[in-house]
Amino acid sequence: MQVTHHSLPETLLKTRTSAATVSTTRRDFIKHSAQAMAGAALIRAIETRAFAAENQTLKLALIGCGGRGGGAVAQALSTQGPTKLWAVADFFEPRAKGMLNNLKAKFEKQLDVPPDRVFSGLDGYRRAIDSLDQGSVVLLATPPAFRPIHFEY
């Protein structure tokens with residue numbers, strides 16, 4: 001017996017055609033994955049902070065100080081809770097310092113990044129992460145190829 005297109009049930013046809021039209025690009029996947037990871041990190045930080053009554057300020061470390069990183073840290077500093085930028089890291093030191101200068105106009109009271117917590121080079125992310133206390137948040141705004149190394153560390 002030969003099955004033809006006309007002999008398939010109508011609901012199966014609708015399911016097959018609607019499933020075939022759904023498409024996710026690599027960019028969408030990375031964007032949604034990054035949003036999910038950031039949300040999970042913030043939830044974890046809020047849970048930790050809820051039990052640490054002695055210090056209510058959430059410390060942030062930014063890894064990757066390009067346009068995406070500057071925007072991400074500005075959003076994090078704009079939240080209702082008390083937050084402060086504690087450390088920054090970028091492969092290029094001038095980019096990290098430039099991003100800090102751009103943030104001073106709006107967030108000067110929340111910037112607690114002395115020159116010894118501005119890290120650069122390939123191992124800058126390690127030093128930025130190591131400078132944080134337990135329950136702090138790391139914002140990863142580097143190109144996606146570097147993130148597995150950062151997550152592992």
Side-chain angles (χ1 to χ4, degrees), residues 14-153:
K14 287 181 183 177
T15 304
R16 289 180 72 200
T17 56
S18 64
T21 59
V22 174
S23 171
T24 301
T25 64
R26 189 172 122 204
R27 183 174 293 222
D28 288 338
F29 175 77
I30 291 170
K31 181 173 117 181
H32 294 297
S33 299
Q35 289 172 345
M37 294 303 285
L42 286 175
I43 288 171
R44 176 78 175 144
I46 290 169
E47 288 174 357
T48 304
R49 196 175 64 162
F51 296 106
E54 67 276 356
N55 185 6
Q56 294 295 316
T57 301
L58 185 62
K59 292 180 182 177
L60 305 171
L62 174 65
I63 314 295
C65 298
R68 181 172 297 207
V73 79
Q75 287 178 337
L77 294 172
S78 297
T79 60
Q80 287 183 349
T83 56
K84 69 178 167 182
L85 184 59
W86 182 257
V88 295
D90 195 275
F91 182 76
F92 303 103
E93 186 176 5
R95 183 180 287 172
K97 289 180 177 179
M99 192 264 323
L100 283 172
N101 285 332
N102 291 338
L103 291 173
K104 278 185 184 176
K106 189 172 180 183
F107 302 105
E108 188 168 8
K109 292 180 181 178
Q110 293 172 279
L111 299 181
D112 187 9
V113 187
D116 63 326
R117 286 199 302 263
V118 176
F119 304 106
S120 60
L122 287 175
D123 67 337
Y125 74 95
R126 290 176 185 234
R127 293 182 288 158
I129 293 170
D130 290 343
S131 74
L132 292 171
D133 300 329
Q134 183 104 13
S136 299
V137 173
V138 177
L139 299 172
L140 297 177
T142 56
F146 293 102
R147 291 191 194 140
I149 298 166
H150 299 158
F151 281 129
E152 186 178 329
Y153 187 73

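Side chains are part of it too, since the values below use all heavy atoms of this structure and drop only hydrogens, waters and symmetry mates. Every value quoted in this text rests on a predicted model; they were computed, and no experiment measured them.
Remark: D123 engages R127 in a salt bridge, criterion side-chain N to carboxylate O under 4.0 Å. Salt-bridge check for D112 with K59: failed, with every basic side-chain N at 4.0 Å or more from each acidic carboxylate O.
Expressed to the nearest 0.5 Å, how far OG1 of T83 lies from CD of Q75 amounts to 12.0 Å. Atom CG of L100 sits about 11.0 Å away from atom CZ of R117, to the nearest 0.5 Å. Atom-to-atom distance recorded for T57:OG1 and D133:CG is 11.0 Å, nearest 0.5 angstrom. Taking CD1 of I63 as the reference point, atom NE2 of H150 lies at 6.5 Å (rounded to 0.5 Å). Expressed to the nearest 0.5 Å, how far CG of L111 lies from NZ of K109 amounts to 12.0 Å. Atoms CG and CZ, on L140 and F146 in that order, are 12.5 Å from each other to the nearest 0.5 Å.
Minimum interatomic distance between A89 and C65 (heavy atoms only, all atoms of both residues): O-SG, 3.7 Å. Shown here for S136 and L58, the closest heavy-atom pair between the two residues is CA-CD1, 4.4 Å. In plain terms, the two heavy atoms of S120 and F91 that are nearest each other are CB-O, 3.9 Å. Residue A76 comes nearest to L139 through the heavy atom pair CB-CD1, 4.1 Å, listed as atom of the first residue, atom of the second, then distance. Listed here is the closest heavy atom pair of L85 and L77: N-CD2, 3.9 Å. The shortest heavy-atom contact between L132 and A61 is CD1-CB, 3.5 Å.
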Applying side-chain contact (heavy atoms from CB on, under 4.5 Å) to V88 and F119, what does each step give before you reach the verdict? CA-CA 6 Å; V88 295; F119 304 106; over 6 Å; no
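Between Y125 and Y153, the angle of the ring planes goes over 60°, which puts this pair in the perpendicular group of the 30/60° scheme.
When atom types are taken as modelled, the side chain of D90 and the backbone of R95 share no donor-acceptor pair closer than 3.5 angstrom.
Inter-residue side-chain proximity for V73 and M99 is flagged as met; some heavy-atom pair is nearer than 4.5 Å.
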